[in-house]
Amino acid sequence: QLQFVESGGGLVQPGGSLRLSCAPSIFTLDYYAIGWFRQAPGKEREGVSRIRISDGDTYYTDSVKGRFTISRDNAKNTVYLQMNSLKPEDTAVYYCAAGNPVPDGDLLNSRRYRYWGQGTQVTVSS
């Protein structure tokens, strides 16, 4: 069983930045990817980004390309999501998850992610 600790959410004005952190409390080899997902009120959960642990390969959904950056610090067993140029539509609860998406399939298929954090609220508003 894998437990995540998430942090970094908060209130930010449009155009601002936040950095989310995701750290597993228990190390496991049961997954090869860490993903960030978000869910806004009344909306379905949406995949944001994914990173491959082994080599840092990254993937982003189109709506965040050029604005968000996912990265890892293997020494700290921590994955980050740097969010720049934030927009009101980025407002959501953000979740970190670990899993094994099909390499040639949907890398942000939430059903392929087994372990989830508690979520952290990101609010982008004036």
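Once rounded to the nearest 0.5 Å, the distance linking CD1 of Ile51 with CG of Leu107 reads 12.5 Å. Taken from CE in Met83 to CG in Leu18, the straight-line distance is 4.5 Å, to the nearest 0.5 Å. For the atom pair OH (Tyr32) and CD1 (Ile53), the distance works out to 11.0 Å, reported to the nearest 0.5 Å. In this structure, the separation between OG on Ser110 and CD on Glu46 is 11.0 Å, given to the nearest 0.5 Å. From Ile34, atom CD1 reaches atom CG of Leu81 across 12.5 Å, with rounding to the nearest 0.5 Å. To the nearest 0.5 Å, atoms NZ (Lys43) and OG1 (Thr91) are separated by 10.5 Å.
Two residues are said to be in side-chain contact when any heavy atoms from C-beta on lie closer than 4.5 Å; Pro88 and Ser125 fail this criterion.
Scanning for salt bridge (Lys or Arg N to Asp or Glu O under 4.0 Å) contacts around Lys65 gives Asp62, with sequence neighbours left out. Residues meeting the side chain to side chain donor-acceptor pair (under 3.5 Å) test with Thr61, sequence neighbours left out: none. Residues meeting the ring-ring contact (aromatic ring centres under 6.0 Å, His included) test with Tyr94, sequence neighbours left out: none. Scored by the side-chain contact (heavy atoms from CB on, under 4.5 Å) test, Val93 finds Tyr95, Gln121 as partners (sequence neighbours excluded). Residues passing the ring-ring contact (aromatic ring centres under 6.0 Å, His included) test with Tyr80: none are found, sequence neighbours excluded.
Under the disulfide bond (SG atoms under 2.5 Å apart) criterion, no residue pair touches residues 42-74, with sequence neighbours excluded. Pairs passing the salt bridge (Lys or Arg N to Asp or Glu O under 4.0 Å) check and including a residue from residues 114-126, sequence neighbours excluded, read Asp30-Arg114. Applying the salt bridge (Lys or Arg N to Asp or Glu O under 4.0 Å) test to pairs two or more places apart or on separate chains, those with a residue in residues 82-104 are Arg38-Asp90, Arg67-Asp90. Among residue pairs with one or both ends in residues 57-77, none qualify as ring pair (Phe, Tyr, Trp, His ring centres under 6.0 Å); sequence neighbours excluded. For residues 60-126, every residue pair satisfying the disulfide bond (SG atoms under 2.5 Å apart) rule, not counting sequence neighbours, is listed here: Cys22-Cys96. Identified under the disulfide bond (SG atoms under 2.5 Å apart) test for residues 97-126, with sequence neighbours left out: none. Screening residues 5-15 for salt bridge (Lys or Arg N to Asp or Glu O under 4.0 Å) gives no qualifying pairs among residues at least two apart or on separate chains.
The nearest pair of heavy atoms linking Tyr113 to Pro101 is OH-CG, 3.4 Å. The two atoms that bring Thr78 and Ala23 nearest to each other are OG1-CB, 3.8 Å, heavy atoms only. Annotation for Tyr31 and Gly99: closest pair CB-O, 3.4 Å, computed over non-hydrogen atoms. The minimum heavy-atom distance linking Ser49 with Ile70 is given by the pair OG-CG2, 3.1 Å.
With Trp36 as the aromatic partner, Arg19 does not meet the cation-pi criteria of under 6.0 angstrom to the ring centre and within 45 degrees of the ring axis.
For the side-chain hydrogen bond (donor to acceptor under 3.5 Å, both in side chains) with Arg50, the lone residue among Asp57, Thr58, Asn109 that qualifies is Asp57.
With 3.5 Å as the limit, one finds a donor-acceptor pair spanning the side chains of Asn84 and Ser17.
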